[in-house]
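Working notes for the structure below.
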Amino acid sequence: MSGRRLNLGLATGGALVGVVVAAALVSFVWTPHDPTLVDAAGKLREPGGGYLLGADKFGRDTLSQLMVGARTTLYVGVVAVGIAAVVGTPLGVAAGMAPRSRGWLSELIMRVNDLVFAFPALLLAVMLGAVYGAGTLTAMIAIGVATVPAFARVARAATMQVMVTDYVLAARAAGRRGPAIALRHVLPNIGSVLIVQASVSFAIAILAEAALSFLGFGTRPPTPSWGRMLQESQELLFSTPRLALWPGLAIALAVLGFNLLGDGLRDHLDPKLRNARG
Amino acid sequence: MPSPAGTPDADPVRASAGAPAADRAGGPAGEPLIEVRDLTRVYRRPRTSLTRPGEAVHALKGVSLTVHRGERFGIVGESGSGKSTLLRLLCALDRPTSGSVTFAGREVAGLPERSLRFLRRSLQIVFQDPMSSLDPRMRVRDLVAEPLVALGEPVGDRVAELLDAVGLPASAAERYPHQFSGGQRQRIAIARALAPRPEVLVADEPVSALDVSVRGQILNLLADLADELGLTLVFVSHDLAVVRHLCETVAVVHDGLIVETGPVDDVWEAPGHPYTRALLAAVPTLEGML
């Protein structure tokens with residue numbers, strides 16, 4: 001077997017995601033300073049002298065905030081994508097497996113899906129925030145619910161492709177029924193598509209969380225969050241642009257990382273390429 | 001040479017099927033096993049107009065045939081003749097528009113899946129293309145054992161036994177389908193079909209997707225297994241020469257109808273229908289060889 005070509009996008013994406021994950025993990029045991037410690041004397045401290053990226057208007061260390069902010073970002077991403085995958089995948093598989101005689105089931109699922117799809121994640125989060133109080137949890141749920149249709153659609157399309165294959169026909173001829181076919185044949189074969197979708201959805205979730213925190217509907221202070229760091233640096237944009245630069249860069253690179261990872265995985269896991277390797 | 005499947009005496013199928021050699025020589029000797037009466041299947045194309053329903057395609061227009069126990073029955077026809085539709089209906093993988101299919105006297109057509117256990121146990125299929133009929137994500141062990149697991153039967157050493165019967169090493173069990181050649185994959189598919197000790201093996205053009213060099217091996221394997229296990233064989237092909245080699249009775253399907261049926265040698269020697277003559281004329285090279 002010829003060695004797997006490591007695709008450049010996949011490597012870059014993996015590295016960027018790796019940095020974010022590493023920063024979040026390290027922040028559990030060590031940060032340069034307490035990210036929430038308000039220090040009037042160190043207000044707007046310039047970078048250097050133990051404060052690698054300087055401090056904000058409350059004297060909080062920017063690097064420490066970024067590291068703990070990565071935690072929030074990943075937390076929101078994992079939970080939101082988890083909700084979307086756990087709810088969306090079974091719906092999509094059910095819709096994709098419904099025989100023609102039960103076409104109404106497929107139609108019902110997909111039309112409700114369209115309805116939710118028409119609702120932007122941000123609007124949903126603002127609405128939930130207004131009703132239940134803004135916070136990380138409501139943001140995660142809102143982003144997750146808004147991502148369900150994307151998963152359901154992708155799962156349905158992939159399932160429909162699997163359902164017309166001979167191996168599903170063979171499984172039916174062997175006496176397998178719907179649930180067993182779904183678990184043993186459909187899910188393993190649509191897994192790669194779902195992983196790609198999860199990666200792309202993760203990027204969208206990061207962006208949505210940042211936007212919500214920026215607007216004040218996401219993570220509550222004092223928990224550090226990249227979106228709120230941006231918002232707090234707004235008034236100092238012209239005097240101290242670095243305060244907006246670092247969280248902005250972190251968001252951009254994390255989103256880029258997950259997008260590249262998704263694209264790279266798509267190429268890497270393509271079953272046609274895999275079969276060609278023989 | 002592959003050894004026979006397991007211990008022949010322990011095989012209930014073989015024991016109940018009597019002497020297959022006699023069937024082979026004497027033509028259709030057993031009682032009717034599969035009976036198809038006036039079977040029709042109409043497909044509806046997706047609608048292309050808002051006001052008119054989709055166009056109807058008559059894949060089968062009233063087909064009747066009888067397969068006897070122990071018989072080797074060939075179904076011949078070109079692509080689009082309806083032979084694949086007929087096969088799916090025989091295996092209860094599709095519902096007919098009208099007509100009936102009975103297996104050992106029990107109606108099969110239109111039954112819900114949960115009532116088809118008897119058929120799934122007794123009738124197994126080998127599909128045309130082993131590239132697509134084996135799930136790429138499953139190990140050979142799980143693929144071959146699937147009918148047993150699905151029917152709730154113990155697997156035990158059956159997988160190794162079956163692999164041996166189709167001439168594959170026991171080590172094949174731990175590998176994935178894409179690690180095998182086309183001919184080997186078709187052997188895996190045959191092993192899977194034999195797992196629940198079926199009475200009937202349905203083969204849908206089992207060699208047309210394979211290299212010419214391995215077709216003979218697979219056909220001989222099917223013939224040998226059918227003899228050893230006393231299987232009833234329903235063999236679908238577009239190639240009358242292959243059917244003549246393997247089967248004793250043939251039905252020629254054309255445009256959704258059976259245009260000719262009878263002992264394969266009679267049909268070969270004296271084709272009664274113009275379409276059969278056209279089919280025969282399409283294999284002149286083999287004519288010379290035989």
Side-chain angles (χ1 to χ4, degrees), chain A residues 1-2 4 89 93-94 96-103 105-107 110 155 158-196 265 268-278, chain B residues 43-44 46 84 87-88 90-95 110 112-114 116-138 142-153 176-182 185 188-189 192-193 195-196 198 201-202 204 209:
Chain A
M1 182 163 50
S2 65
R4 297 183 180 189
T89 305
V93 169
M97 284 183 73
R100 247 193 211 181
S101 56
R102 256 182 265 151
L105 178 67
S106 176
E107 284 297 308
M110 294 325 287
T159 302
M160 286 168 75
Q161 280 181 7
V162 170
M163 288 309 284
V164 297
T165 59
D166 280 353
Y167 59 81
V168 167
L169 205 58
R172 284 179 57 208
R176 284 282 190 202
R177 313 253 196 87
I181 289 175
L183 285 176
R184 297 187 44 124
H185 296 285
V186 174
L187 278 181
N189 282 289
I190 68 172
S192 60
V193 182
L194 293 180
I195 289 170
V196 173
L265 284 175
H268 197 68
L269 297 176
D270 190 318
K272 282 176 221 127
L273 298 176
R274 199 184 62 240
N275 286 344
R277 273 207 317 269
Chain B
Y43 291 105
R44 201 159 281 284
S84 294
L87 192 101
R88 280 171 177 243
L90 278 184
C91 306
L93 292 172
D94 189 12
R95 284 154 190 265
E113 190 61 44
R114 64 176 174 278
L116 285 168
R117 274 178 67 87
F118 75 97
L119 184 75
R120 300 287 177 236
R121 185 184 302 273
S122 310
L123 182 146
Q124 286 286 317
I125 313 166
V126 176
F127 288 91
Q128 176 172 3
D129 185 0
M131 303 288 266
S132 60
S133 70
L134 301 174
D135 187 334
R137 302 263 172 191
M138 281 170 84
D142 298 320
L143 285 167
V144 173
E146 182 157 47
L148 296 174
V149 177
L151 293 164
E153 289 179 11
Y176 287 92
H178 72 83
Q179 294 171 287
F180 294 89
S181 69
R185 273 184 245 205
I188 296 168
R192 168 174 66 186
L201 191 64
V202 177
D204 181 11

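Quick note on labels: first sequence line is chain A, next is B, and so on, each numbered from 1. Quick note: numbers below take in every heavy atom, side chains included, and nothing from hydrogens, waters or symmetry partners.
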With sequence neighbours excluded, residues passing side chain to side chain donor-acceptor pair (under 3.5 Å) with B:R185: none
Chain A contact via B:M138 - which portion, at a heavy-atom distance below 4.5 Å: side chain
Nearest heavy-atom neighbours spanning A:A174 and B:A150: O-CB, 3.4 Å
OH-CZ distance between A:Y167 and B:R137, expressed to the nearest 0.5 angstrom: 8.5 Å
Close contacts, residues 177-185 of chain A versus chain B, judged by heavy atoms under 4.5 Å: A:R177, A:R184, A:H185
Atom CE of B:M131 with >12 non-hydrogen neighbours under 6.0 angstrom: no
Most chain A-contacting option - heavy-atom pairs closer than 4.5 Å, from B:S132, B:A189, B:P147: B:S132
Identified side-chain contact (heavy atoms from CB on, under 4.5 Å) partner of B:S133 from the options A:D166, A:L169, A:T165, A:V168: A:D166
For B:D94, all residues meeting salt bridge (charged side-chain N to carboxylate O under 4.0 Å, His left out), sequence neighbours excluded: B:R41
Which atom of A:A173 lies closest to which atom of B:I125, heavy atoms considered: CB-CD1, 3.4 Å
Heavy-atom contact with chain A under 4.5 Å, split by part of B:R88: side chain
Partners meeting side chain to side chain donor-acceptor pair (under 3.5 Å) with A:E107 (sequence neighbours left out): A:R111
B:V149 vs A:R176 side-chain heavy atoms within contact, under 4.5 Å: yes
